[in-house]
Amino acid sequence: MQVSTSSDLIAALYQQNGSWLQSWVQRRVQNSEIAAELMQDTFVRLLARRVPAEQLQQPRAYLCTIAKGLVNDHWRRQVIEQAWLDTLAALPPQILPSEEDRLAVWQTLQELDAMLATLPEMARHVFLLSQIEGLTYKDIAQRLKISERTVKRYMERAFEVCLTVMLASQNPA
Amino acid sequence: MVFMADSDSPGQNAGAAGVTPARDPVRVIREAAQWLAILHSGQATARQQREFQAWCDAHPAHRQAWQAAQQLSGKFGSVPAALALPVLTPACRLSRRAALKSIAGVGVIGALGWQVHRHQLWQTWQADYSTAAGQQQRVVLPDGSHIVLNTATAMDLRFNRSERSLLLYRGEIMVLTAKDTQIPSRPFMVHTRQGRMQALGTSFAVRILSAAAAGPSIRASGATPPAWAPEDTVCALHVLEHVVAVTPHNGTAVLHVHPGQQVWFDQHHVCRGGSPVSASPSWIDGVLYADDMRLDDFLRELARYRSGVLQCAPEVAGLRLSGAFQLDDTEKILSALANTLPIRIRRLPYWTRIEAQ
């Protein structure tokens, strides 16, 4: 009979592993506060996963895998934030949106980025050319040197992913 | 969950008469996606529009999917294309000109700069050692060598039986190599995208920077910059003690660089500095020197030590300044400049603009 990890076991793991895990994370995010947060998130995730105790014989590798995912999410957010700042900075100041508008746009961009995160790069690029630049599939195919059939395939995939996210957020599990 | 049999075209048989049975949401989404892909092609016919309408009416789950699609459309519509496209386009597909074509160019001096493509940023942020903007770090390597990382730097180590290597992705390091304790001793190398450098028992500094940023130092040394575009990325080497052997990735001969000498190179050009510079880089002591430097060049250097964007208006870009500035407080440096030069500092969140008074 498999026994899920008790919170006692997690607490013990935290005691033994929290320190080196935080250093591991900190080497990758520099900021000690963020490192502490991500380290704690790692254990929260571990608790939520209800991993059987036997699988935690080698906690280091397992913890690193979870932490790596969290660090990647963090960097994805940083990348898009930097892209956002760079883009704003390239605008002539007269057309810079107001503070409220900027915040609304920024939040939407983050949502869109998270939605598109799982798409392969080509599919994502095709989708953006269609939805943001408004190009026809013929134009996209010409620009990217791929077939229209491939463009359509990418578009189907992208819509599937986005609709899944949109519908999931309306009906939380 | 009740499953309905589907035909080949998106969901034509869904919804029997009477009570509407539930449909598999995954199938509904796939059908909706197929319809949307048809409708957004730019070649959808009136007939396809009608068939899609019929599909929407056939089942409440279809209607729900259509509403979700409209919300999605709304999200895309709510962000200005000029902002959305550069931000969301995957890094390797991003071409600076394409992304900024609808935006008038203004002198941008970003902390990271457009010239570092975002897929490189991925690699750098997962590096073994990295510093944020304004941060410095001292590291001792397994063989006892000392490395000082300057601001916004990222590097990986590759230490094994056959080599002692640093992979420098971005930023600037100062290296003080130690003699290898292993026998036979392993070569000490620094690898960048532009080439590799082998230390022959030395102290040296390596920096990855844009050709625009390298220009002032090249000219100050009395040399002429090669035909680089401002946004090209080059590697700068400054040897302080002993010799470094450089092999640029353009396959030319190995260069030997001696104490005091500087060299800038990439895959296409190599540029040796004119007069030697014997002093260690001042950033090691937390100081930024300016010797009759243009304001825009100075701000470009300063921006490396700050997060957010530092922008210089063209009207004041050519003002000259000299001095020694402490890097621990960059705001203080800007205030000091505002006291001595006819400039004004405009501060917004994450964005500082230097303009005429």
Side-chain angles (χ1 to χ4, degrees), chain A residues 27-31 68 71-72 75 78-80 82-93 95-97 99 104-105 108-109 111-113 115-116 121-122 124-125 128-139 148 151-153 155-164 166-167 170, chain B residues 25-26 29-30 32-34 36-38 40-43 64-65 68-69 71-73 75-76 78-93 99-100 103-106 108 110-114 118 121-122 125-132 135 308-309 311 349-351 353:
Chain A
R27 284 219 320 243
R28 287 157 174 80
V29 301
Q30 293 101 46
N31 182 311
K68 196 154 197 203
V71 169
N72 282 347
W75 283 125
Q78 294 292 100
V79 165
I80 190 178
Q82 190 61 47
W84 170 238
L85 295 175
D86 285 345
T87 305
L88 281 184
L91 291 179
I95 75 169
L96 197 67
E99 183 106 30
V105 170
T108 308
L109 286 178
E111 281 174 44
L112 291 173
D113 178 68
M115 231 189 296
L116 301 173
E121 276 174 353
M122 200 53 159
R124 178 172 172 145
H125 191 47
L128 293 172
L129 288 178
S130 161
Q131 300 297 294
I132 298 184
E133 274 218 65
L135 297 186
T136 62
Y137 294 179
K138 187 155 174 244
D139 291 337
E148 280 185 51
V151 173
K152 184 148 174 259
R153 214 171 13 98
M155 292 295 294
E156 280 177 20
R157 182 84 195 111
F159 275 122
E160 260 192 79
V161 164
C162 291
L163 286 182
T164 307
M166 299 290 311
L167 288 168
Q170 289 164 15
Chain B
V26 172
I29 289 175
R30 192 165 306 143
Q34 286 164 350
L36 292 168
I38 292 171
H40 285 257
S41 62
Q43 293 159 342
Q64 203 183 10
Q71 281 169 3
L72 180 66
S73 220
K75 281 200 195 288
F76 275 112
S78 75
V79 293
L83 291 179
L85 208 53
V87 173
L88 294 176
T89 301
C92 61
R93 307 266 158 220
L100 294 181
I103 302 169
V106 188
V108 174
L112 294 176
W114 277 98
R118 254 166 271 142
L121 288 180
W122 264 119
W125 278 323
Q126 293 181 321
D128 289 338
Y129 293 97
S130 53
T131 47
Q135 195 189 6
V309 171
Q311 191 178 29
Y350 303 119
W351 192 57
R353 185 173 157 85

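Heavy atoms only: backbone and side chains are in, while hydrogens, waters and symmetry mates are out. So you know, we letter chains A, B, ... as the sequences are listed, proteins then strands, and number each from 1.
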Where do A:Leu112 and B:Lys75 land on the side-chain contact (heavy atoms from CB on, under 4.5 Å) test, with the steps shown first?
-> CA-CA 8 Å; A:Leu112 291 173; B:Lys75 281 200 195 288; 4.2 Å; yes

Do B:Gln34 and A:Phe159 pass the side-chain contact (heavy atoms from CB on, under 4.5 Å) test, and can you show the C-alpha distance, the side-chain angles, and the key distance before you say yes or no?
-> CA-CA 8 Å; B:Gln34 286 164 350; A:Phe159 275 122; over 6 Å; no

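- Among all heavy-atom pairs drawn from B:Ile29 and A:Glu160, the shortest one is CG2-O, 3.6 Å.
- Residues A:Ile80 and B:Val87 approach most closely at CG1-CG1, 3.5 Å, considering heavy atoms.
- Contact record, A:Leu163 with B:Ala32: CD1-CB, 3.6 Å, taken as the closest heavy-atom pair.
- A:Met155 CE to B:His40 NE2: the interatomic distance, rounded to the nearest 0.5 Å, is 6.5 Å.
- B:Ala84 approaches A:Ile132 most closely through the heavy-atom pair CB-CD1, 3.6 Å.
- In this structure, CD on A:Gln131 lies 6.0 Å from OG on B:Ser73, to the nearest 0.5 angstrom.
- Taken to the nearest 0.5 Å, the NZ atom of A:Lys152 stands 5.0 Å off from the CD1 atom of B:Ile38.
- The backbone N or O of B:Ala37 sits less than 3.5 Å from a side-chain atom of A:Tyr137, completing a donor-acceptor pair.
- B:Gln43 has its side chain out of reach of A:Thr136: every pair of non-hydrogen atoms, C-beta onward, lies at least 4.5 Å apart.
- Closest approach of B:Leu88 and A:Leu128 over heavy atoms only: O-CD1, 3.4 Å.
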